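Working notes for the structure below.
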Amino acid sequence: MTTGMTTGMTTGMTARSTAHTVRLSPSGKDVACSPGDTVLGALERAGYALPNNCRAGACGECKTKVLDGEVDQGMVLDMALAPAEREQGYRLMCMAKPVSELVEIEFGTDDARPKLFPPRDRVLCVVVDSIERTPTIRELRLRPVGEPLRYWPGQYLMVGDPSAGAPPRPYSIANAPRPDGEIVLLVSRVPDGRTSGWVHEQLSTGDRVTVAGPYGTFIGDPGADTPVLCLAAGSGLAPILALTDAALRRGFRPPVTLCYSARGRDDLFDEGLMAWWTAKHRRFRFVPTFTGDEPDSALPDGSLRGRIPNVLPEIAADLSGHSVYIAGSPEFVEACTDAVIALGAPPERIHVEKYHPQAAAETPPATQLTPAL
Ligand SMILES: Cc1cc2nc3c(=O)[nH]c(=O)nc-3n(C[C@H](O)[C@H](O)[C@H](O)COP(=O)(O)OP(=O)(O)OC[C@H]3O[C@@H](n4cnc5c(N)ncnc54)[C@H](O)[C@@H]3O)c2cc1C
Ligand code: FES
């Protein structure tokens with residue numbers, strides 16, 4: 001993995017303190033951008049959907065061409081924005097702050113249709129429950145004190161507490177919206193992870209926590225009426241649960257298959273919910289697959305053995321008519337994407353959420369910096 005980073009600071013150039021305008025081309029629509037705000041933040045506040053996956057200059061998902069005007073790119077990874085792309089005018093909108101009064105960006109008219117709920121900056125919640133679901137995954141149940149958050153299933157929140165040493169990190173919401181606003185998160189323990197460590201070791205039931213969001217565009221396609229295949233590993237199950245929950249509740253008719261990869265029996269959770277969905281919705285199928293070496297007798301009936309890319313042909317040999325949703329670590333998502341493409345899944349119907357780590361882009365060692373272009 002490349003660890004090179006570049007800054008986008010042009011000598012002597014800093015974001016001005018006056019408001020800026022982001023113009024969307026070719027629609028010509030204008031979006032106001034407050035001083036200090038990123039272009040991504042401004043677009044989201046105005047209800048526009050720009051794909052994003054890490055909000056930290058690490059994944060490249062928000063890469064957009066700047067047609068006119070100047071932005072301060074901030075610190076981003078070379079693997080997310082290559083120097084050649086930078087020369088062609090591309091920038092990462094999650095870290096880009098307008099410098100000139102007007103910044104014009106390439107933003108397709110189809111995408112420019114408002115469709116997301118504007119994210120909220122500081123939503124005070126109470127931890128109503130914190131449950132160890134597996135040896136590595138903790139479920140957090142957060143209930144907003146004020147208005148419930150409006151979000152699309154599949155979106156994520158930023159959760160953390162900088163004063164406790166936990167920088168805000170993205171965590172996918174694991175449930176469809178509920179009338180009481182309760183939000184379920186599934187947080188994997190990352191070795192030496194600051195925010196996941198804080199969730200696992202410090203945050204307790206009854207604590208107050210401030211979250212921001214919703215963010216992200218890993219959302220269902222309301223127009224699709226194809227069979228759906230969902231693939232998840234670890235806490236990647238979170239957005240898949242939210243999407244499935246919402247689809248089944250709204251009476252989605254085509255078959256939905258959820259394949260979950262776990263190392264061993266201890267890593268499998270939500271079996272009760274899976275059994276209920278299977279009983280209630282004839283066209284829902286849950287297929288766990290195990291990568292460890294426990295004996296078959298220890299595993300639930302109907303389980304498969306092996307990594308998802310290897311067992312996929314046993315689940316669906318032809319994916320040309322499917323929509324596919326994949327969430328988890330970048331390596332998991334990439335391996336599954338290759339596998340579903342090999343089975344004929346149309347690229348435009350493959351939706352992915354990669355859990356990119358954010359630490360690197362946030363605290364770059366000086367030796368990893370390359371001069372600004
Ligand atoms: C869109 C999106 C949604 C996400 N949703 C979820 C979710 O629902 N549940 C969830 O648990 N996580 C989710 N993540 C990942 C999460 O945001 C954090 O990256 C993760 O919790 C680690 O943060 P940390 O502060 O604990 O670790 P850090 O302090 O940032 O990292 C500590 C060390 O661990 C490394 N590291 C960081 N992450 C990983 C990893 N996954 N595996 C191995 N090493 C790692 C870092 O490079 C660093 O060296 C999501 C990420 C994205 C981008
Ligand atoms: S690089 Fe912008 S969202 Fe990841």
Side-chain angles (χ1 to χ4, degrees), residues 2-116 118-119 121 158 170 212 215-218 348 352 354 356 358 360-362 364 368-373:
T2 314
T3 50
M5 296 186 183
T6 52
T7 71
M9 296 290 269
T10 308
T11 314
M13 191 180 276
T14 51
R16 290 161 29 144
S17 57
T18 51
H20 307 268
T21 299
V22 177
R23 182 158 297 160
L24 313 183
S25 178
S27 70
K29 291 185 183 169
D30 285 345
V31 170
C33 185
S34 309
D37 204 359
T38 61
V39 175
L40 174 62
L43 290 175
E44 288 174 335
R45 259 176 265 290
Y48 292 103
L50 177 70
N52 63 89
N53 223 327
C54 70
R55 314 182 78 79
C59 73
E61 193 72 24
C62 64
K63 199 177 304 167
T64 302
K65 194 165 195 175
V66 175
L67 302 171
D68 199 12
E70 292 285 344
V71 295
D72 172 358
Q73 177 60 100
M75 205 84 73
V76 302
L77 291 176
D78 281 351
M79 60 182 269
L81 181 66
E85 293 171 321
R86 195 185 273 260
E87 270 173 23
Q88 291 159 19
Y90 287 95
R91 297 289 183 269
L92 300 180
M93 297 298 110
C94 67
M95 301 286 281
K97 297 180 179 174
V99 172
S100 53
E101 204 168 305
L102 180 73
V103 172
E104 188 172 352
I105 62 168
E106 202 170 67
F107 199 78
T109 19
D110 278 353
D111 297 337
R113 270 182 282 135
K115 59 177 181 183
L116 294 183
D121 275 343
M158 298 298 287
Y215 300 114
T217 48
F218 183 65
E348 68 279 7
V352 303
K354 294 184 190 173
H356 284 280
Q358 299 81 39
E362 192 183 69
Q368 288 184 359
L369 296 179
T370 55
L373 289 170

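If you're wondering where the values come from, they're calculated on a predicted model, not measured in any experiment.
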Review point. Is there a donor-acceptor pair closer than 3.5 Å between any side-chain N or O of H20 and the backbone N or O of P35?
Key: no

Point to revise | Side chains of P170 and Q358 in contact at under 4.5 Å (non-hydrogen atoms) | key: yes

Point to revise | R45 CZ to D37 CG distance, which is reported to the nearest 0.5 Å | key: 4.0 Å

Revision key, fill the gap. CE of M95 to CG of L40, rounded to nearest 0.5 Å, is 11.0 Å

Exercise for review: May I ask you to test the V66-M93 pair for a side-chain heavy-atom distance under 4.5 Å?
Suggested key: yes

Exercise for review: Measure the shortest side-chain to side-chain distance between Q73 and L81 over non-hydrogen atoms and say whether it is less than 4.5 angstrom.
Suggested key: yes

**Study point:** Salt bridge D78-R86, side-chain N to carboxylate O under 4.0 Å
**Key:** no

Point to revise | Spacing of CE belonging to M158 relative to CZ belonging to R55, to within rounding of 0.5 Å | key: 6.5 Å

Practice item. Would you indicate whether the side-chain heavy atoms of E44 and L50 approach each other to under 4.5 Å? Key: no

Point to revise | Point-to-point distance, once rounded to the nearest 0.5 Å, from OH of Y215 to SG of C94 | key: 12.0 Å

Review point. What do the steps show when you test V31 against K29 for side chain to side chain contact (heavy atoms under 4.5 Å, CB included), and what is the final call?
Key: CA-CA 7 Å; V31 170; K29 291 185 183 169; 5.7 Å; no

**Study point:** P98 versus V22, closest heavy-atom pair with distance
**Key:** CG-CG2, 4.4 Å

**Study point:** Any I105 side-chain heavy atom under 4.5 Å of L24 side chain
**Key:** yes

Practice item. Find out whether L43 and F107 are in side-chain contact, i.e. whether some heavy atom of one side chain is under 4.5 Å from a heavy atom of the other. Key: yes

Point to revise | Side-chain (S34) to main-chain (A32) donor-acceptor, under 3.5 angstrom | key: no

Point to revise | Distance (rounded to the nearest 0.5 Å) between E104 CD and D30 CG | key: 9.0 Å

Exercise for review: Please report the closest heavy-atom contact between D121 and A212, naming both atoms and the distance.
Suggested key: O-CB, 3.1 Å

Check your understanding: Does V39 reach the side chain of R91, with side-chain heavy atoms less than 4.5 Å apart?
Key -> no

Practice item. Supply the atom-to-atom distance E106 CD to Y90 OH, rounded to the nearest 0.5 angstrom. Key: 5.5 Å

